K.L.:
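Got a structure for you, questions after.
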2 protein chains.
Amino acid sequence: MPATRRAALPPRLASAEPGQGVTLADVALAAKVSLATASRVFSHPQLVREATAQRVHEAAQRLSFRPNLLGAKLRAQRTRIIGVMLPTLDNAVFAECWRGIEESAMAAGYSLMLVTSNYDPARETERVEYLLRHRVDGMVLTVADASDSTVLDQLDRESVPYVLAYNQVPAEGAVAGRHSVSVDNRTSACEGVNALIAAGHRRIAVISGAFTASDRARQRFAGYADAMRAHGLPVLDPVNLPSHTASNAAQIRALMDGGQAPTAFFCTNDLLAIGVISDLKRLGLRVPRDVSVLGYDGIALGALVEPPLATVVQPNADIGAHAIGELLQRLEAVPPAANGHATLLPHAIRIEGTVSAPAMPA
Amino acid sequence: MPATRRAALPPRLASAEPGQGVTLADVALAAKVSLATASRVFSHPQLVREATAQRVHEAAQRLSFRPNLLGAKLRAQRTRIIGVMLPTLDNAVFAECWRGIEESAMAAGYSLMLVTSNYDPARETERVEYLLRHRVDGMVLTVADASDSTVLDQLDRESVPYVLAYNQVPAEGAVAGRHSVSVDNRTSACEGVNALIAAGHRRIAVISGAFTASDRARQRFAGYADAMRAHGLPVLDPVNLPSHTASNAAQIRALMDGGQAPTAFFCTNDLLAIGVISDLKRLGLRVPRDVSVLGYDGIALGALVEPPLATVVQPNADIGAHAIGELLQRLEAVPPAANGHATLLPHAIRIEGTVSAPAMPA
DNA sequence: ATGAAAGCGCTAACAC
DNA sequence: GTGTTAGCGCTTTCAT
């Protein structure tokens with residue numbers, strides 16, 4: 001029987017698709033070197049003589065060789081793929097974050113696999129398992145609630161390297177050495193509310209998404225409470241909206257119609273804030289003349305609308321970039337890297353546009 | 001010498017990380033079946049006896065076996081990964097589209113690899129090469145300009161299956177059998193502008209991004225021109241803004257200050273429209289009372305603001321879902337699938353909020 | 001219905 | 001510096 005190679009597999013289309021069938025072995029053959037040498041030319045060029053490398057490169061070029069990353073990954077036992085799990089891209093916060101993630105990962109020669117969880121813990125588990133099957137080297141993720149997360153517990157148990165983005169691990173007694181990159185949610189929210197108070201507001205309501213779906217929202221509410229208490233002002237119960245899509249005018253109206261209508265709203269994210277502003281307008285109220293609104297996130301769109309959205313600004317792309325940076329450091333560190341750490345990036349308070357002094361100071 | 005396996009590779013951490021080191025061979029051993037049988041249990045269950053399958057599943061469970069997709073992919077010569085290239089996620093249009101893409105790809109058991117091109121043809125080429133190295137089975141992509149695209153030419157040359165999203169291939173004389181999923185940009189834009197005309201507008205300006213970065217923008221402008229000509233109205237030169245981020249108030253002001261100020265603006269995308277509305281407000285003009293604004297895209301945010309953004313609505317998630325659907329059909333079709341085809345999804349015109357009759361009808 | 005064995009494309013010891 | 005060789009984890013003929 002003649003030495004027919006590749007007999008077991010379905011015959012490849014013998015078409016002129018460059019690179020599709022050309023393997024490193026073909027290149028080696030054409031360059032009259034061994035497979036090993038050809039491989040080295042690409043992965044460890046310093047180990048091979050200049051002239052040889054040249055020949056290999058020429059052959060590769062001529063044959064339109066395209067390395068099959070799968071083979072390399074399988075053999076190398078590392079994929080150089082980073083799994084990314086974000087709640088949703090429909091919120092610009094995460095879309096902006098992705099930009100930072102993609103840019104720094106690509107720059108470092110890493111690939112990305114993106115999944116979204118839609119703030120749903122069950123889906124988080126499913127998607128993470130999926131990433132794990134792809135043998136991602138590590139992950140950057142935002143979970144619904146880092147303080148009660150099946151998926152993080154699992155990742156810890158399996159010692160999968162990961163860095164949280166937006167979720168903020170507690171500064172002291174850091175849980176299981178977790179890493180996170182975020183702003184200081186509580187402090188920054190507190191500063192934002194302080195600015196509201198400084199503008200003369202005394203009665204400030206908080207509008208938030210579901211606390212269970214976002215530990216950030218809880219932390220930001222805590223920051224609000226800090227600020228209010230520090231000034232001896234009443235901490236109002238948060239209004240937890242199920243979503244920011246439908247009109248929540250009814251709930252807003254109820255708040256405004258009560259005898260003690262707030263003069264300002266602190267919304268735990270910008271999308272919510274934009275929705276609330278619209279609801280207020282539909283109620284015939286003017287922002288900020290009748291009511292002030294402060295958001296949180298600093299999405300680019302907020303600066304685009306008129307009046308501009310007052311908000312607590314997070315460096316979203318930076319959060320993504322830093323998360324990748326820290327992950328890579330952990331992945332490539334020879335000693336098992338430093339311990340768990342919460343990296344806090346600087347925030348900024350943007351008070352303008354939708355925030356002004358209250359109509360009739362208390 | 002004892003039969004030491006795995007001698008060549010760096011020793012794995014002998015930790016209790018479930019699934020990380022357990023291979024199918026281990027499972028087979030534990031279940032007392034051959035590797036082949038174990039494999040079949042997962043990929044072709046109907047070929048194996050129920051009882052045997054049961055044993056294998058138990059063993060897999062017990063050992064926390066996690067299949068290594070890399071091995072499977074390498075062997076199978078297909079990755080079940082789809083490459084996705086979008087211009088940017090910062091525009092909600094594409095973020096919404098991603099939702100449709102992810103949902104339908106996951107449902108069909110495919111994985112995704114996302115890259116963004118930032119409307120830059122050079123980066124398009126680079127990112128596509130990257131996807132190709134990962135041996136994606138096919139791609140869903142939006143290119144800057146489908147009628148002049150290095151990257152599409154390359155894909156055609158290499159017969160890589162792909163489906164365009166948003167880019168619309170011409171209905172007749174379809175180029176090289178390309179597939180696309182989009183709305184009918186020209187017709188829908190024409191209808192949108194017709195609605196403006198029906199509302200009483202005679203002088204309508206077009207605000208657009210760079211035409212070179214978006215064939216859609218060109219097609220939409222053509223739709224505008226169709227509508228204007230059909231009514232014997234003047235086709236104004238488009239105002240091409242470099243971006244939608246900075247304030248373009250200066251250019252808007254120039255337009256409004258000219259003797260022949262437009263009473264309505266047609267913006268080729270919603271983000272632009274939102275920016276223009278803000279610019280107009282800063283100029284002291286009220287929308288829609290003084291000037292009407294019509295957008296294009298139908299991003300969710302447009303319905304959230306007050307007044308709601310009048311716009312030409314595309315089914316963004318559906319576009320993504322359909323693109324995946326068509327791609328899968330091509331990938332899995334036994335005969336090399338039907339010929340190039342432009343799938344047109346239905347659009348809708350939402351005239352409300354930012355569009356009304358002009359202040360003083362011409 | 002099950003097993004034995006070849007090999008996907010590539011890398012990294014280990015020799016020379 | 002370069003070649004030889006043994007796999008990475010899996011699927012799939014082919015034989016039984």
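So that the names make sense, note that chain A is the first sequence line, chain B the second, and so on, each numbered from 1. Here the structure is a predicted model, which is why all the values come from computation and not from measurement.
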K.L.:
Side-chain contact, heavy-atom cut-off 4.5 Å: B:L112 with B:I81?
P.N.:
no

K.L.:
What is the distance from CZ of B:R133 to P of C:dG9, rounded to the nearest Å?
P.N.:
16 Å

K.L.:
Does D:dG3 have OP1 or OP2 under 4.0 Å away from a side-chain N or O of A:S34?
P.N.:
yes

K.L.:
At under 4.0 Å, does any side-chain N or O of A:R49 touch on OP1 or OP2 of D:dT2?
P.N.:
yes

K.L.:
For D:dT2, take OP1 and OP2 only and decide whether either is under 4.0 Å from a side-chain N or O of A:T52.
P.N.:
yes

K.L.:
Taking the side chain of A:N68 as heavy atoms from C-beta outward, which of C:dG9, C:dT11, C:dT2 is closest to it?
P.N.:
C:dG9

K.L.:
I want to check something: taking the side chain as every heavy atom from C-beta on, are A:T52 and A:V41 in contact at a cut-off of under 4.5 Å?
P.N.:
no

K.L.:
Do the side chains of B:E129 and B:R123 get close enough for a salt bridge, i.e. N-O under 4.0 angstrom?
P.N.:
no

K.L.:
Answer yes or no: does a side-chain N or O of A:T23 lie under 4.0 Å from OP1 or OP2 of C:dG9?
P.N.:
no

K.L.:
OP1 or OP2 of D:dG9 versus the side-chain N and O atoms of A:Q77: is any pair under 4.0 Å?
P.N.:
yes

K.L.:
OP1, OP2 of C:dC10 versus side-chain N and O of A:S39: anything below 4.0 Å?
P.N.:
no

K.L.:
Can you tell which of C:dT2, C:dA6, D:dT2 lies closest to the side chain of B:V48?
P.N.:
C:dT2

K.L.:
Report which part of the nucleic acid B:L35 touches: base, sugar-phosphate, or nothing (heavy-atom distance under 4.0 Å, all strands).
P.N.:
base

K.L.:
May I ask you to say what B:L69 touches in the nucleic acid, namely base, sugar-phosphate or nothing, with a heavy-atom cut-off under 4.0 Å?
P.N.:
nothing

K.L.:
A:K73 NZ to D:dC8 P: how many Å, rounded?
P.N.:
19 Å

K.L.:
Please report the distance, rounded to the nearest Å, between CZ in B:R55 and C1' in C:dT2.
P.N.:
11 Å

K.L.:
Could you walk me through whether B:T116 and B:F94 satisfy the side chain to side chain contact (heavy atoms under 4.5 Å, CB included) test, starting with their C-alpha distance in whole Å, then the side-chain angles of each, then the deciding distance to 0.1 Å, before giving a yes or no?
P.N.:
CA-CA 10 Å; B:T116 61; B:F94 301 114; over 6 Å; no

K.L.:
Checking all strands, does B:L70 fall into the base, sugar-phosphate, or nothing category for heavy-atom contacts under 4.0 angstrom?
P.N.:
nothing

K.L.:
Below 4.0 angstrom from OP1 or OP2 of D:dT12, is there any side-chain N or O of B:H44?
P.N.:
yes

K.L.:
Contact class for B:A36 (heavy atom, under 4.0 Å): base, sugar-phosphate, or nothing?
P.N.:
base

K.L.:
Using a distance-only criterion (donor-acceptor N/O pair, under 3.5 Å, no hydrogens), is the base of C:dG3 paired with the side chain of B:R40?
P.N.:
yes

K.L.:
Taking the side chain as C-beta and beyond, is there a heavy-atom pair between B:D90 and A:W98 under 4.5 Å?
P.N.:
no

K.L.:
Does the base of C:dG9 carry an N or O that pairs as donor and acceptor with the side chain of A:R66 under 3.5 Å?
P.N.:
no

